[in-house]
Amino acid sequence: MVGVPELPEVESVRRQLLPRLAGRAIRAVDAVPQARFSGLSRAAGTTITDLRRRGKYLLADLDTGQDALELVAHLGMTGAFRFRDEEGWEPDAYVRATLVLDDGVLDFRDVRRFGRLSVVDAGDYADIATLAALGPEPLSPAFTPEGLHAALAASRQPVKAQLLSQRPVAGVGNIYADEALWSARINPRSRRVGPERAARLWAALREVLAAAIDREGTTFRDYQMVNGQSGRYATHLAAYGQAGRPCRRCGAPLRAITVGGRGTTYCPACQRQ
DNA sequence: AGATCGGCCTGGACGC
DNA sequence: TGCGTCCAGGCCGATC
């Protein structure tokens, strides 16, 4: 998959990998010697019983016969899994880790090295701070308008920075943060979001993410097509990467700013402070 | 303790 | 053409 993986993209990866990984025994794991690949040798000799997702993290449950372990994977920006028998796939210099399974070989390819793989005791995320403090899944009953309001009220960071922190809700990255804030008509720099606006943002996040899951993620290729004025996903991004274009709601030109160190596009007319 | 900022890493876009 | 510079992105750790 091409793309900057956010929740919808990671969910798509999970669905593709699950049938090929469930029940497979891991013979060995190899990785480049970096801290971002830790504890992987513990996976050797285990069996994968399930592949779950929390936010942008993939969690493979490993059965050792005794203690339960978890293989935690984050794709970063450019991480991707490839089976060695995949059509057209030849391992290249960007393969950072390899899992030898009982029926094949799975490569982890990651050009920009932002991805991470680690094996931990099941549920022990002490060394993975973002996962340990991860907010509720946006499409689960645990995510509520009231809960979102309370989470946002607990911090004075700009609302967009809060969304990117993964704490109020899991899995939202730069693309869907801009899209949801635009949809909810909330200024990304707002430091106070009241109950009504929180409820709008709650609904917008769920709509934006559910729609993206339905079409298996907005890929970077699609984004390029958007800027190339063509492509079947051209109408899906209302804000992200659309600076200078007229707002779809009010016609004012969308503006590019920086919030929390991240490029941000919003409508200065209908997303007022 | 919470907010903020730089670093990580690389290819691609851009300017000269 | 080819070089240099800047940017993007999620997360982490250092600093304010």
Side-chain angles (χ1 to χ4, degrees), chain A residues 1-11 13 31-39 53-59 72-81 92-97 108-118 120 125-135 138 150-181 188-193 205 209 212 217-229 237 239-244 256-266:
Chain A
M1 158 167 310
V2 181
V4 178
E6 297 190 26
L7 184 153
E9 289 78 9
V10 178
E11 176 61 20
V13 171
V32 298
Q34 285 189 310
R36 57 198 324 109
F37 301 103
S38 67
R53 180 192 55 72
R54 276 285 282 133
K56 304 173 197 174
Y57 292 87
L58 287 169
L59 309 172
V72 179
H74 195 295
L75 302 177
M77 284 189 63
T78 55
F81 287 101
D92 59 18
Y94 301 119
V95 171
R96 314 299 183 190
F108 180 70
R109 182 178 191 262
D110 186 14
V111 172
R112 297 195 183 175
R113 300 177 188 263
F114 278 26
R116 289 167 182 273
L117 298 179
S118 57
V120 301
Y125 306 138
D127 292 333
I128 311 171
T130 302
L131 180 55
L134 198 63
L152 294 176
S155 164
R156 289 282 83 88
Q157 282 189 85
V159 60
K160 175 162 177 186
Q162 289 204 61
L163 291 177
L164 296 182
S165 79
Q166 308 299 302
R167 290 221 278 238
V169 60
V172 177
N174 211 28
I175 295 175
Y176 299 119
D178 277 8
E179 293 299 299
L181 289 168
R189 285 184 166 146
S190 293
R191 290 176 190 270
R192 292 176 192 276
V193 174
L205 284 163
L209 293 169
T218 305
T219 70
F220 187 66
R221 184 190 299 152
D222 301 330
Y223 162 52
Q224 288 182 315
M225 285 198 291
V226 169
N227 285 347
Q229 285 91 39
L237 295 176
Y240 180 82
Q242 308 296 311
I257 60 174
T258 297
V259 181
R262 290 288 161 254
T264 298
T265 305
Y266 78 112

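Order of the sequence lines sets the chain letters (A, B, ...), proteins ahead of strands, with each chain counted from 1. Heavy-atom basis, side chains included; hydrogens, waters and symmetry copies ignored.
Rounded to whole angstrom, the span from the CG atom of A:L152 across to the C1' atom of B:dA3 amounts to 16 Å. The distance between atom CG of A:N174 and atom P of C:dA8, rounded to the nearest whole Å, is 9 Å. In this structure, A:R113 atom CZ and C:dG10 atom C1' are separated by 17 Å, rounded to whole Å. Between the CZ atom of A:R109 and the P atom of B:dC9 there is a distance of 17 Å, given to the nearest Å. In this structure, A:R36 places its CZ atom 11 Å from P of C:dG13, rounding to the nearest Å. In this structure, CZ of A:R156 is placed 20 Å from C1' of C:dC16, rounded to the nearest angstrom. Spacing between atom CE of A:M77 and atom P of B:dT10 amounts to 13 Å, rounded to whole angstrom units. As a whole-Å value, the separation of A:R116 CZ from C:dC11 P is 10 Å.
Taking 4.0 angstrom as the limit, A:Q166 places none of its side-chain polar atoms (N or O) nearer than this to OP1 or OP2 of C:dG10. Between A:T78 and B:dC9 there is no side-chain polar atom (N or O) within less than 4.0 angstrom of OP1 or OP2. Residue A:Y94 places at least one side-chain N or O under 4.0 Å from the OP1 or OP2 atom of B:dG11.
Closest contact between the side chain of A:R191 and the listed nucleotides B:dA3, C:dC12, B:dC9 involves B:dA3. Comparing atom distances between the A:Q34 side chain and each of C:dC11, B:dG11, B:dC9 picks out B:dC9 as nearest. Picking from B:dG11, B:dA3, C:dC11 the nucleotide with the shortest atom distance to the side chain of A:V111 gives B:dG11. The side chain of A:K56 lies closest to C:dG10 when the candidates are C:dG10, B:dT10, B:dT4. With C:dC11, C:dA8, B:dT10 as the choices, the nucleotide that has an atom nearest any side-chain atom of A:T130 turns out to be C:dC11. Closest contact between the side chain of A:Y240 and the listed nucleotides C:dG9, C:dC11, B:dA3 involves C:dG9.
Side-chain contact between A:Y240 and A:N174 is present, with heavy atoms from C-beta onward closer than 4.5 Å. Side-chain contact between A:V120 and A:D127 is absent, with no heavy-atom pair separated by less than 4.5 Å.
Atom CD of A:Q157 and atom CG of A:L152 lie 10.5 Å apart (nearest 0.5 Å). Considering CD1 of A:I257 and CZ of A:R262, their distance stands at 14.0 Å, rounded to 0.5 Å.
Within 4.0 Å (heavy atoms only), A:S165 reaches no atom of the nucleic acid at all. Residue A:G173 is in sugar-phosphate contact alone, with no base atom involved, counting any heavy-atom pair closer than 4.0 Å across all strands shown. Within the nucleic acid shown, A:R167 has no heavy atom closer than 4.0 Å to any nucleic acid atom.
Put simply, the side chain of A:R112 and the base of C:dA8 share a donor and an acceptor less than 3.5 Å apart.
Shown here is A:R167, whose CZ atom has no more than 12 heavy atoms of other residues, nucleotides or ligands within 6.0 Å.
Positionally, the nearest nucleotide of DNA chain B for A:A161 lies more toward the 5' end than for the other of A:R262 and A:A161.
Both geometric conditions, a ring-centre gap below 5.5 Å and a plane tilt below 30°, are fulfilled for A:F114 over the base of B:dC8.
The minimum heavy-atom distance linking A:L59 with A:R54 is given by the pair CD1-CG, 3.8 Å.
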